[in-house]
There are 2 protein chains.
Amino acid sequence: MNTSSTRLRSTADERRTGVLPQALRVFAKTGYHATPVSDVATAAGISQGYVIRLFGTKLELFVAVVDACFERIAEALDAGSEHVRGGEPQEVLDAMSDAYVELIADRDLLMLQVHAQSAADIAEVRDAIRRGMARVTQLVSDRSHAAPEQVQRFIAYGQLCHLIVTAELDQIDRPWARTLTQGIRHLEPLTTKAGEEVKS
Amino acid sequence: MNTSSTRLRSTADERRTGVLPQALRVFAKTGYHATPVSDVATAAGISQGYVIRLFGTKLELFVAVVDACFERIAEALDAGSEHVRGGEPQEVLDAMSDAYVELIADRDLLMLQVHAQSAADIAEVRDAIRRGMARVTQLVSDRSHAAPEQVQRFIAYGQLCHLIVTAELDQIDRPWARTLTQGIRHLEPLTTKAGEEVKS
DNA sequence: CACGTATGTAAGTGAACAGTCACTTCCTTA
DNA sequence: TAAGGAAGTGACTGTTCACTTACATACGTG
């Protein structure tokens, strides 16, 4: 066993966990069917054949990516709810909203959910979405102690964000687009507006 | 000119309009990238090469399908709002909700929207979504005279339906799934519940 | 009826892609 | 240090697919 950094090669497990974030980025751009495994391999800096060896099939890779996506979302919601623990339900929901909005500023986690929904006719993908949504919904419910209707609304507006981001409705300066984007402060990553409190 | 039905061949325009509903069905199942043109051709009963000739490229065909999809949605919403014309905003919105839910009982129009969102990195597809959402949003606003917030909510819950249908959450009998599906009476096509008024 | 145009097909083309395989290089440990 | 196993590559394979093209058949019209 060599724990020092002099190794030239990673273990297969290290590779897998290292590949996942890159695969997430690539799949988020073009989705499951339109993304060749070779693109993932290039992004990860390894050969295409080895990516398949690491994950078995492209589908298994994609499912692993979807799981990782929801994992990160759950973590963010969890962290966002931490500093208002025990607050009013709506207060907790708002904190989680802010955390989600902040998290998806780079679009990848959001786009991947859209692509996963589009590929949900594949049973394994549909199951991954179910796992993820179960986790997220339960987390939101448990942390906020909000009524089911409030939780449902929370998720519904999250889905609306998907539409806004995929069609880039925030870049359209028309009444109908403003109707859909109103009150949703999202994207414009890292630009801090004066007077708005920032998570320190 | 021969206007009788003795013709063995359709005009190109007739073919195009005839192919679109079949293409809608096929694309709704597997999405843009995973659907070969040959599948559309088979469904339409013509050769694959001719489908391309009729629409130019697969992309142009898909865009035409997305436009047709929103066309049908707009028609349904329009019709649904007819018999409560001049009613209270929320009343009109509810009527449109019912019309939408009834329309998407066969899933195709809904699934196609999801697939279009997933392919929205293609500029032509993104533009088609924008056209469609502009039309739908304006229609809902104009017919209902509801506040923008209400219209936004209407669309947001429509997007929630997309998630429920793609992941088939209505078939999951767990609290988290019930939280997301509550109050949304959808699918279970054509089963009329006692005591619920039916559009005669 | 003959000629030009539009409808439609079937075979073909070249590129792209998921997965395989033989092989090399590195690492660990007995 | 030798040996076996694990990491990793690159070329290959068979298939699928969008699009093209050469050709055939039907249709309208002078």
Side-chain angles (χ1 to χ4, degrees), chain A residues 1-20 22-23 26-27 29-66 115 118-119 121-125, chain B residues 1-20 22-23 26-27 29-66 115 118-119 121-125:
Chain A
M1 180 74 82
N2 181 350
T3 56
S4 78
S5 60
T6 59
R7 284 178 54 102
L8 295 181
R9 293 182 175 181
S10 307
T11 66
D13 275 343
E14 285 169 351
R15 268 302 175 202
R16 267 185 282 266
T17 57
V19 165
L20 281 180
Q22 308 301 326
V26 176
F27 276 126
K29 287 205 202 317
T30 42
Y32 176 65
H33 292 289
T35 304
V37 176
S38 60
D39 280 8
V40 175
T42 302
I46 60 179
S47 70
Q48 178 257 11
Y50 193 37
V51 172
I52 292 293
R53 264 257 294 267
L54 285 172
F55 290 92
T57 63
K58 181 186 179 182
L59 179 56
E60 288 176 273
L61 167 61
F62 187 69
V63 167
V65 167
V66 173
H115 292 311
S118 177
D121 58 314
I122 303 169
E124 289 89 338
V125 174
Chain B
M1 180 74 81
N2 181 349
T3 55
S4 76
S5 59
T6 59
R7 283 179 54 102
L8 296 180
R9 292 181 174 180
S10 307
T11 66
D13 275 342
E14 285 169 350
R15 269 304 175 202
R16 266 185 283 266
T17 56
V19 165
L20 280 180
Q22 308 301 327
V26 176
F27 276 127
K29 288 207 201 317
T30 41
Y32 176 65
H33 292 289
T35 304
V37 175
S38 59
D39 281 8
V40 176
T42 302
I46 58 179
S47 70
Q48 177 257 13
Y50 194 38
V51 172
I52 291 294
R53 265 257 293 268
L54 285 172
F55 291 91
T57 64
K58 179 186 180 183
L59 179 56
E60 288 176 273
L61 167 61
F62 187 70
V63 168
V65 166
V66 173
H115 292 311
S118 177
D121 59 313
I122 303 170
E124 289 89 339
V125 175

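No hydrogens, no waters, no symmetry mates; every other heavy atom, side chains included, goes into these values. Below, chains carry the letters A, B, ... as their sequence lines are ordered, and counting in each starts from 1.
Put simply, the side chain of B:Val40 does not reach to within 4.5 Å of the side chain of B:Val65, judged on heavy atoms. The side-chain heavy atoms of B:Leu61 and B:Leu54, taken from C-beta on, include no pair separated by under 4.5 Å. Side-chain contact between B:Thr35 and B:Lys29: absent, with no pair of heavy atoms (C-beta onward) separated by less than 4.5 Å.
When rounded to the nearest whole Å, the span between CD1 of A:Ile46 and C1' of D:dG10 equals 14 Å. Put simply, CG on A:Leu54 is 14 Å from P on D:dA6, counting in whole angstrom units. Following rounding to the nearest Å, A:Arg16 (CZ) and D:dG8 (C1') show an atom-to-atom distance of 13 Å. Rounded to an integer number of Å, the gap from CZ of B:Arg9 to P of D:dC27 is 7 Å. We find that CZ of B:Phe27 is positioned 12 Å from P of D:dC17, with the value rounded to whole Å. A straight line from CD of B:Glu14 to C1' of C:dG8 spans 14 Å, rounded to a whole angstrom.
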Q) Using a cut-off of 4.0 Å between protein heavy atoms and nucleotide atoms, how would you tag nucleotides 10-22 of chain C 5' to 3' with B, S and -? A) -------SBBB--
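Contacts classified as ring pair (Phe, Tyr, Trp, His ring centres under 6.0 Å) and involving residues 29-60 of chain A (residues at least two apart or in different chains) are given here: A:Tyr32-A:Phe62.
Considering every non-hydrogen atom in both B:Gln22 and B:Ala43, the closest pair reads OE1-O, 3.6 Å.
A distance-only check finds a donor-acceptor pair linking the side chain of A:Thr17 to the backbone of A:Glu14 [under 3.5 Å].
Counting atom types as modelled, B:Arg15 pairs no side-chain N or O with a base atom of C:dT7 as donor and acceptor under 3.5 Å.
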